[in-house]
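This structure is a prediction, so every number in the text was calculated from the model and none was measured.
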Amino acid sequence: MIEMIDIKYNLHYSKYHNFSDDNVFQMASYFWRSIEKDIPKDRAAKILEIGCGTGFCLYSLEKKGYVNFHGIDIDESQIVIAKKISEHA
């Protein structure tokens, strides 16, 4: 059952995100607006995102100058994408 959910989630996610430079920028901007008020102003603060998925939130932190952040996710395929997205920085 879990495997079927993972497959459906990955298919759904890939349908809406093409990971082009423009899409990555748009998603990172969206995530930044969503988290900005809750993130410490200290750019060296330790930040852990649990369930980071494809890493758009982490990418937005990197673009805003944060230097001490990490993300974890149980879906290895999402982590692979997150690492590719971080190459955009």
Which heavy-atom pair separates [X] from [Y] by the least distance, and what is that distance?
X: G71; Y: C52; value: C-SG, 3.7 Å
X: E36; Y: K41; value: O-NZ, 4.1 Å
X: A82; Y: G53; value: CB-O, 3.8 Å
X: V67; Y: A44; value: CG2-CA, 4.0 Å
X: E49; Y: C57; value: OE1-CB, 3.4 Å
X: Y59; Y: A28; value: CD2-CB, 3.3 Å

I'd like to know if the side chain of R43 reaches the main chain of K64, judged simply by a donor and an acceptor atom lying under 3.5 Å from each other, with no hydrogens or angles considered. yes

Could you state the interatomic distance from [atom1] ([X]) to [atom2] ([Y]), rounded to the nearest 0.5 Å?
X: H70; Y: L48; atom1: NE2; atom2: CG; answer: 8.0 Å
X: T54; Y: D75; atom1: OG1; atom2: CG; answer: 10.0 Å
X: I85; Y: E62; atom1: CD1; atom2: CD; answer: 11.5 Å
X: S34; Y: F56; atom1: OG; atom2: CZ; answer: 12.5 Å

When you compare the side chain of [Y] with that of [X], does any pair of heavy atoms fall below 4.5 Å?
X: L61; Y: W32; result: yes
X: I35; Y: S60; result: yes
X: I39; Y: Y66; result: yes
X: Y30; Y: Q26; result: no

Joining Ile, Leu, Val, Met, Phe, Trp and Tyr whenever any side-chain heavy atoms lie under 4.5 Å apart, the cluster holding I79 also takes in none

So does F69 have more than 12 non-hydrogen atoms from other groups sitting under 6.0 Å from CZ? yes

Honestly curious: do F31 and I47 fall in one hydrophobic cluster under the side-chain, below-4.5 Å linking rule? no

Residues M27, N23; criterion side chain to side chain contact (heavy atoms under 4.5 Å, CB included); working and verdict: CA-CA 6 Å; M27 291 304 296; N23 182 255; 4.0 Å; yes

